[in-house]
Amino acid sequence: GTTVLDPVMHLAGDGGSCVAYLMGNHTIAERMFRFEPSVMIHAPLRTAIWSPADGAARFTLDKPSDHFGSFGNAAIAAVGVELDRKVATLLEHLGVGVPDDLLNS
């Protein structure tokens, strides 16, 4: 799903821009769901592409391994690390800098 936040925020006089996305794959989510259905609080991943009124665009997401590692299940944690790497690969493919934190999972 996509959420365009600009129309409402601009009514309040804010000049920034933000589009929020849910990014995921149901077959990957199921690999965690089978162990703990509550993982769905973090799947699909919440992401945002945003910019302040006078700045460059940014991509933001919560680090998957942080969220999925919190369930105390090695299988779920492993999927979180895999997702860190998938996001890093996507950013690299797009020619965007990859945060070291995503590479060091």
Side-chain angles (χ1 to χ4, degrees):
T2 304
T3 304
V4 179
L5 302 165
D6 295 356
V8 173
M9 297 303 155
H10 289 176
L11 287 173
D14 296 313
S17 183
C18 184
V19 178
Y21 296 93
L22 297 177
M23 183 173 85
N25 177 301
H26 67 281
T27 60
I28 293 173
E30 190 282 326
R31 291 172 39 211
M32 298 179 289
F33 182 90
R34 68 178 73 158
F35 297 107
E36 177 67 48
S38 67
V39 299
M40 300 311 289
I41 191 82
H42 302 299
L45 302 175
R46 292 178 51 101
T47 64
I49 299 174
W50 62 276
S51 67
D54 60 352
R58 305 274 190 224
F59 175 79
T60 302
L61 81 153
D62 292 325
K63 185 178 174 188
S65 63
D66 287 348
H67 285 296
F68 297 122
S70 71
F71 286 90
N73 180 302
I76 294 171
V79 174
V81 170
E82 178 185 329
L83 289 170
D84 287 356
R85 293 182 181 137
K86 286 182 179 296
V87 171
T89 299
L90 172 64
L91 294 174
E92 187 175 77
H93 177 75
L94 294 172
V96 177
V98 179
D100 289 339
D101 201 35
L102 277 178
L103 299 172
N104 297 323
S105 298

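The list of salt bridge (Lys or Arg N to Asp or Glu O under 4.0 Å) pairs with a residue in residues 17-30, not counting sequence neighbours, reads Glu30-Arg34. Screening residues 10-36 for ring-ring contact (aromatic ring centres under 6.0 Å, His included), with sequence neighbours left out, gives no hits. Among residues at least two apart or in separate chains, there is no salt bridge (Lys or Arg N to Asp or Glu O under 4.0 Å) pair with a member in residues 2-14. Every pair passing ring-ring contact (aromatic ring centres under 6.0 Å, His included) that includes a residue from residues 41-79 is listed here, sequence neighbours excluded: His42-His67. Annotation: side chain to side chain donor-acceptor pair (under 3.5 Å) contacts involving residues 88-98, sequence neighbours excluded, are absent.
The minimum heavy-atom distance between Ala56 and Ser51, with the atom names listed, is O-CB, 3.5 Å.
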Are Asn73 and Glu36 close enough, and set up right, to give a side-chain contact (heavy atoms from CB on, under 4.5 Å), and what steps lead you there? CA-CA 9 Å; Asn73 180 302; Glu36 177 67 48; over 6 Å; no
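Residues passing the side-chain contact (heavy atoms from CB on, under 4.5 Å) test with Leu94 are Leu90, Val96, sequence neighbours excluded. Among residues two or more places apart in sequence or in another chain, the salt bridge (Lys or Arg N to Asp or Glu O under 4.0 Å) test is passed with Arg58 by none. Under the side-chain contact (heavy atoms from CB on, under 4.5 Å) criterion, Ala77 pairs with no residue at all, not counting sequence neighbours. A search for side-chain contact (heavy atoms from CB on, under 4.5 Å) contacts involving Asp54 returns Pro52, not counting sequence neighbours. Asp101 is linked by a side-chain hydrogen bond (donor to acceptor under 3.5 Å, both in side chains) to Lys63, counting only residues two or more places apart in sequence or in another chain. Remark: Asp66 pairs with no residue by the salt bridge (Lys or Arg N to Asp or Glu O under 4.0 Å) rule, at least two apart or across chains.
For the pair Leu61/Pro64, a side-chain contact is recorded, criterion being any heavy-atom separation below 4.5 Å from C-beta on. Residues Thr47 and Val87 have side chains not in contact (no heavy-atom distance under 4.5 Å, counting atoms from C-beta outward).
When hydrophobic clusters are built by joining Ile, Leu, Val, Met, Phe, Trp and Tyr residues whose side-chain heavy atoms come closer than 4.5 Å, directly or via intermediates, Leu91 is grouped together with Ile28. Linking ILVMFWY residues whenever their side-chain heavy atoms come closer than 4.5 Å, directly or via other members, leaves Leu22 and Val19 in distinct clusters. Met23 and Leu5 end up in different hydrophobic clusters when Ile, Leu, Val, Met, Phe, Trp and Tyr side chains are linked at under 4.5 Å.
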Could you give the side-chain donor-acceptor pairs of residues 78-86 under 3.5 Å, partners two or more places apart or in another chain?
| residue | atom | partner | partner atom | Å |
| --- | --- | --- | --- | --- |
| Glu82 | OE1 | Arg31 | NH1 | 3.4 |
| Glu82 | OE1 | Arg31 | NH2 | 2.7 |
| Glu82 | OE2 | Arg31 | NH1 | 3.2 |
| Asp84 | OD1 | Ser65 | N | 3.0 |
| Asp84 | OD2 | Ser65 | OG | 2.4 |
| Asp84 | OD2 | Ser105 | OG | 2.4 |
| Arg85 | NH2 | Ser105 | O | 3.2 |

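For CD1 of Ile41, the number of neighbouring non-hydrogen atoms (other residues, nucleotides, ligands) closer than 6.0 Å is 12 at most.
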